[in-house]
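Since the structure comes first, as structure tokens, the remarks are kept for the end.
Quantities reported herein were computed from a predicted structural model and do not represent experimental measurements.
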Amino acid sequence: MQGLLDLGAPESAARQPIGPDAWLLKGFALNDADALLAAIERVAAQAPFRHQVTPGGYEMSAAMSSCGAYGWVTDRHGYRYSALDPQGNQPWPAMPRLFSELAERAAERAGFAHFAPEACLINRYTTGARMGLHQDKDEQDFNAPIVSISLGAPITFLFGGPNRSDPTSRWLLEHGDIVVWGGESRLHFHGVAPLGKKASHPQTGALRYNLTFRKVR
Ligand code: MD3
Ligand code: FE
């Protein structure tokens with residue numbers, strides 16, 4: 001058992017609806033958090049975190065890496081999924097089994113059976129880093145959900161609607177939280193507010209990691 005308190009199987013924990021076909025699984029990854037952080041270190045040793053540049057010429061404030069069959073790449077030419085890490089032209093590190101199995105279990109809990117992620121994007125936020133409102137549209141199959149795991153310092157997640165101008169709701173995402181977006185929510189605008197100056201976690205200090213699992217093709 002990890003920690004001081006047995007929280008029971010995450011499968012029997014509460015799931016909170018945060019939008020149409022979108023579920024917050026509070027603490028679902030807590031039992032696995034130490035192993036997830038260790039695995040992120042191993043991925044990053046092979047595919048180091050980097051600040052990518054958007055087609056508009058802006059450097060992203062979140063540093064990124066990827067693992068799995070595909071990684072997400074942006075440069076002056078555009079956004080795309082690539083089987084090779086452009087930093088070295090090598091395949092991305094394999095997706096750790098812990099990652100894919102946890103993502104599949106979380107998807108199942110949210111009502112999406114047999115989720116088989118092909119890519120895991122890893123975002124690393126430091127104080128002040130943010131992600132502006134956007135849609136995730138670079139995948140070919142919008143029927144598959146996206147699963148996100150938050151680790152480290154807490155951040156405010158902004159969840160909008162199908163149009164950029166739709167109002168947003170705010171959700172605090174903390175260490176060990178998982179969110180699953182499918183169906184109607186899959187193409188909704190979303191982002192995260194700047195990581196707060198005082199935001200920290202005993203295991204990561206001022207860093208926040210977000211893993212997102214996607215079916216790409
Ligand atoms: C809602 N990441 O990597 S995760 C991203 O916290 C991204 O790093 C944010 O947005 C982060 O693209 C938010 C939550 C998330 C991911 C994908 C979604 C929410 C989503 C796709 C559709 C709707
Ligand atoms: Fe996104």
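Note that the CG atom of Leu151 and the CZ atom of Arg124 stand 13.5 Å from one another [nearest 0.5 Å]. Between atom NE2 of residue His114 and atom CD of residue Glu108 there is a gap of 7.0 Å, rounded to the nearest 0.5 Å. Here NE2 of His190 is found 9.0 Å from CG of Leu133. Values are rounded to the nearest 0.5 Å. Note that CD1 of Ile40 and CZ of Phe99 are 5.0 Å apart. Values are rounded to the nearest 0.5 Å. A distance of 9.0 Å separates CD of Gln135 from NE2 of His188, quoted to the nearest 0.5 Å.
Side chain of Asp21 to backbone of Glu184: a donor-acceptor contact under 3.5 angstrom is found. Under a 3.5 Å cut-off, the side chain of Lys197 and the backbone N or O of Ala199 do not form any donor-acceptor pair. With hydrogens and angles disregarded, a donor-acceptor distance shorter than 3.5 Å links the side chain of Asp75 to the backbone of His77. With hydrogens and angles ignored, the 3.5 Å screen pairs no side-chain donor or acceptor of Thr204 with any backbone N or O of Arg208. Proximity of a side-chain donor or acceptor of Glu174 to a complementary backbone N or O of Pro154 within less than 3.5 Å is not detected.
Counting heavy atoms from C-beta on, the side chains of Phe213 and Val180 never come closer than 4.5 Å. Between Glu11 and Arg105, the closest side-chain pair of non-hydrogen atoms falls below 4.5 Å. In this structure the side chain of Asp166 never reaches within 4.5 angstrom of the side chain of Phe189, judged on heavy atoms. The closest side-chain heavy-atom distance from Ser65 to Val43 is below 4.5 Å. Here the side chains of Leu37 and His175 are in contact, with some heavy-atom distance below 4.5 Å.
Asp138 and Arg214 are not joined by a salt bridge, as no carboxylate oxygen comes within less than 4.0 angstrom of a charged side-chain nitrogen.
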*Go through the steps to decide whether Asp141 and Glu118 satisfy the test side-chain contact (heavy atoms from CB on, under 4.5 Å), and finish with yes or no.*
CA-CA 12 Å; Asp141 179 4; Glu118 296 166 324; over 6 Å; no
_Derivation and outcome, side-chain contact (heavy atoms from CB on, under 4.5 Å), residues Asp136 and Thr212_ = CA-CA 11 Å; Asp136 288 18; Thr212 51; 5.8 Å; no
*asked:* Would Asn143 and Phe112 count as a side-chain contact (heavy atoms from CB on, under 4.5 Å) here? Give the steps.
replied: CA-CA 10 Å; Asn143 293 311; Phe112 301 91; over 6 Å; no
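Following chains of ILVMFWY side-chain contacts shorter than 4.5 Å, one can reach Tyr209 starting from Leu98, so the two form part of one hydrophobic cluster. Hydrophobic clustering (ILVMFWY, side-chain heavy atoms < 4.5 Å, transitive): Phe115 and Ile178 are in one cluster. If you chain together hydrophobic residues whose side chains sit under 4.5 Å apart, Val73 and Ile122 never meet in one group.
Residue Met60 is found in a hydrophobic cluster whose other members, listed by chain and number, are Ile18, Leu24, Met64, Tyr70, Trp72, Tyr79, Tyr81, Leu121, Tyr125, Met131, Ile155, Phe157, Phe159, Trp171, Leu173, Val179, Trp181, Val192, Leu195, Val216; membership requires side-chain heavy atoms under 4.5 Å apart, directly or through intermediates.
Contact detail for Gly196 and Thr127: the closest heavy-atom pair is O-CG2, 4.0 Å. Closest approach of Gly19 and Ser185 over heavy atoms only: C-OG, 3.9 Å. Listed here is the closest heavy atom pair of Pro194 and Gly128: CB-O, 3.7 Å. Heavy atoms only, all atoms of each residue included: Pro86 and Trp92 are closest at CD-CZ2, 4.0 Å. Closest heavy-atom contact between Leu25 and Ala106: CD1-O, 3.6 Å. Minimum interatomic distance between Met95 and Pro117 (heavy atoms only, all atoms of both residues): CE-O, 3.7 Å.
Residue pairs meeting the ring-ring contact (aromatic ring centres under 6.0 Å, His included) criterion with at least one member in residues 21-43: none, sequence neighbours excluded.
When Leu211, Asn31, Ile149 are each tested for a side chain to side chain contact (heavy atoms under 4.5 Å, CB included) with Leu102, only one passes: Ile149.
By the 6.0 Å contact criterion, CD on Glu59 is enclosed, its count of non-hydrogen atoms from other residues, nucleotides or ligands being greater than 12. By the neighbour-count criterion of 12 heavy atoms within 6.0 Å, atom OH of Tyr58 is sparsely surrounded, having that number or fewer from other residues, nucleotides or ligands.
Side-chain atoms of Asp34 and Gln203 form a donor-acceptor pair, as typed in the model, at a separation below 3.5 Å. For the residue pair Asp177/Ser150, the side-chain donor-acceptor check at 3.5 Å is not satisfied.
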